[in-house]
Amino acid sequence: MADVKLVSLTKSFGEITAVGDMNLEIKDREFFVLLGPTGAGKTTTLRLVAGLEKQDEGEVIIANQNVDNYSPALRDVAFVFQYYTLYPHYTVLQNLEFPLKSRLRRYPQEEIDKKVAEVSQVLHIGHLLNRQTVNLSGGEMQRVALGRAMVRNPKVFLMDEPLSNLDAKLREEMRRELLRLHFDLGATFFYVTHDQVEAMTMGDRVAVLNEGKILQLGTPDEIYNSPKNVFVAKFVGSPAINLFDSTVIKESLVIGKKEMICTLLQKQTQKLKNYDRLILGIRPEDIGISREQKKINSYKCKVYFNQSMGAEDILNLKADSIMFRAIAPPRLNITVGETVYANINIERAHLFNPDTQECLG
Amino acid sequence: MAEIILENLIKRFGDLIAVKNLNLDIRNKEFLVLLGPSGCGKTTTLRCISGLESADEGRILIDGEDVTRKRASQRDIAFVFQLYALYPILTVYENIAFPLKAQKYEKQKIKEEVGKVAEILKIKHILKKKPKELSGGDMQKVALGRAMVRRPKAFLLDEPIGTLDAKFREEMRGELKKLHIDIGATTVYVTHDQVEAMSMGDRIAIMNQGVIQQLGSPHEVYNKPDNIFVANFIGSPGMNFINCIPKRKDGRVAFKMTEDDIYIELPDQVQRRVSENVKDKIELVLGIRPEDVDLSMKREEGLLEAEVYVNEETGAYNIIDVSLGSTVIKVRTLPTIQPNIGDTAYLSFDIDRMSIFNKQSGNAIRA
């Protein structure tokens, strides 16, 4: 298996810089996720690693070897695409055997049989081997596509949104299976997605990408609980973080026309010195709901509407004209139109510079 | 605004019956979601309401008036497909004004109506722009504005946000729900995404194979699913299903897991509920939601022993998948609980919150 290093990687298409001076080290056996919106440059990055695109500048290093002059086939990486790229007129077995029979490899049949058997056991596709791929469900096809990548024991798996064409149920199941597969194979996974749930649940580390630049690199825990800037804070987490434009007055934050006044902790007020305005970020689960007012940072508001998700209620609240979201357990039986108190857990507040959008140090 | 009633609606395509004798009362000002997998008949139902398809049998009433044989344009409802379908060469103002111009409204009247719509949607500042200069969210609003400006009796929306990025979809779910509250128009919304259905619908009709499986509020369909199909379709992470056979053990009924020698103990009220099934040896399915399973790393009397399969962190909570015998169970826990793959974990179920289904029929067994 292998680590992957990207050194000052740059790729432009005409005037658009898809990937700008990217530096990244993916560790051996790591499940690494590149997360970002459409057009962020994530797929381009992956294609550069695979050798499907040629970079304008920089280097791609796989297992301590510069592979810039290697064709995709020689890089010893396996690419799993968003669309299952199976041969439709082949059976599952023929699809799995194909990479082992290519001119580059030509394995003996005995070894091919062994490999296919191993892979089909891990992916639970043994019963499908004689089926035509056109007769498979989406989930089965994606498993076969994974199997075809696995048979040749590549150093690195490159995965480009492999779950995004599956329905929600199957996606959930495949997330679990991919995680376990990664554990069982002990291979390096380099995974691209726009879905923050996939990134959070599967990644050992996540790089959040926007406009060709990495905005933050860290564990899911770091990305979620210590976002470095507003973009990352907004992109990760669902329902999204609440962001309040606020004015600094003494040691408090004033939101709107004094609809909400937030008292900060001492360790937070130390950061305020040079600011008269701030963005206060607070995740919906860090706002508690009660029917009576609490002593501090407790705001009277109306339930504007409720997005009831089953396990939790997402309350959309209005404190006069200020709208925000809080998560409440369904057993509280909060009703639309009801007046409740929103209690901000200020310990969990994120403070951002409104000009640079960066987190206050 | 409008009340829409579907009576014994049937729609066939050749040998295929897409909608089978469907009955549904959609209330005035309601946000009703038709939810189901592809091919379940939800879009066909919507197209029958709009008049884009004609029903083979049954009636469609809008505000008491039978419109079954009326053309789409005479039904006074707005059908919105993908919210992006704007005219690229027209400005935002012209796009929204378009349906009124087509109906030969006076210029002054058009200006007034477009102004009102722009006010509600908060898009006054972009009226002079062309669609290509807009963000995705603004484009959606303009497309909605074009539907709203005619003041239709009802809005019919067919997977309007299905193709967007996850992040943007979340934002639009809030926006559409808010808009519905602000304008209060009857809305029928088709989707295959249960998150959209749960987060926006006043009521949800869950469809499969042309038949409504259950109609109820998000709370009802989540907590009291009528059958396994509904229980499985609603909720993320999804409900856990455990195949069981009720058995007597020490004078009490317990659920023995079908494939494993593991017994799940039952409290008194559930004992009564299943006692008649013990005799018949009917195979049951126990359904339990991930948040109703408690996971502990400490061994205790009465807890079920399981092995950690994987751990998924979401930030706000963790989903821990554990193998209980040959069944993988999802447990929703606090983010602070972070076991390793292969660890032994101990489970208990909040039995009051579980559902019991007849395995063969799939129907819920209620008290």
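Naming convention: chains lettered A, B, ... in sequence-line order (proteins, then strands); numbering from 1 in each chain.
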Heavy-atom cut-off 4.5 Å, strictly under: side chain, backbone, both or neither for A:Glu312 against chain B?
side chain
What residue, out of A:Asp195, A:Ile314, A:Asp221, A:Thr201, has the most heavy-atom pairs lying under 4.5 Å from chain B?
A:Thr201
Engaged part of A:Arg325 at the chain B interface, taking heavy atoms whose separation is under 4.5 Å:
side chain
Under a 4.5 Å heavy-atom cut-off, does chain A meet the side chain of B:Lys330, its backbone, both or neither?
side chain
Heavy-atom distance under 4.5 Å to chain A: side chain of B:Val195, backbone, both or neither?
both
Side chain, backbone, both or neither: which part of A:Leu179 has an atom under 4.5 Å from a heavy atom of chain B?
both
Counting heavy atoms not belonging to A:Ile16, are there more than 12 under 6.0 Å from its CD1?
no
B:Asn223, part contacting chain A, at a heavy-atom distance under 4.5 Å:
neither
If you count heavy-atom pairs under 4.5 Å with chain A, which of B:Ile341, B:Asp321, B:Thr314 comes out on top?
B:Ile341
Side chains of A:Asn225 and A:Arg283: do they bring a donor and an acceptor to under 3.5 Å?
no
Taking side chain as C-beta onward, heavy atoms only, is A:Leu46 less than 4.5 Å from A:Leu34?
no
Per-residue contact mode, A:Phe235 against chain B (heavy atom under 4.5 angstrom):
both
Select one option (side chain, backbone, both, neither) describing which atoms of A:Met202 are under 4.5 Å from chain B's heavy atoms.
neither
List the steps, then state whether side chain to side chain donor-acceptor pair (under 3.5 Å) holds for B:Asn227 with B:Gln213.
CA-CA 8 Å; B:Asn227 55 46; B:Gln213 303 290 318; 3.2 Å; yes
Would you mind checking which part of B:Asn318 comes under 4.5 Å of any heavy atom in chain A, side chain (CB onward), backbone (N, CA, C, O), both or neither?
neither
If we define contacts as heavy-atom pairs under 4.5 Å, which of A:Lys169, A:Glu173, A:Glu172 has the most with chain B?
A:Glu172
Heavy-atom pair with the smallest gap, counting every atom of B:Ala345 and B:Val308:
CB-CG2, 4.2 Å
Show the numbers, then the answer: is there a side chain to side chain contact (heavy atoms under 4.5 Å, CB included) between B:Gln338 and B:Glu313?
CA-CA 9 Å; B:Gln338 296 181 329; B:Glu313 291 173 42; 3.6 Å; yes
Interface moiety of A:Glu285 toward chain B, non-hydrogen atoms closer than 4.5 Å
side chain
Answer whether the closest heavy-atom distance between the side chains of B:Ile161 and B:Leu176 falls below 4.5 Å.
yes
Students often mix this up, so state it plainly: with edges at 30° and 60°, are the rings of A:Phe324 and A:Phe244 parallel, tilted or perpendicular?
perpendicular
Chain A interface, residue from B:His192, B:Lys167, B:Gln194, B:Glu291 that has the most non-hydrogen pairs under 4.5 Å:
B:Lys167
Can we say A:Arg175 and B:Glu312 salt-bridge, meaning some charged N sits less than 4.0 Å from an Asp/Glu carboxylate O?
yes
Which bit of B:Arg332 is near chain A, if near means a heavy-atom gap under 4.5 Å: side chain, backbone, both or neither?
side chain
With chain B, which of A:Pro239, A:Pro37, A:Ala168, A:Pro284 has the greatest number of heavy-atom pairs at distances under 4.5 Å?
A:Pro239
Any luck finding a side-chain donor-acceptor pair between A:Glu198 and A:Tyr191 under 3.5 Å?
yes
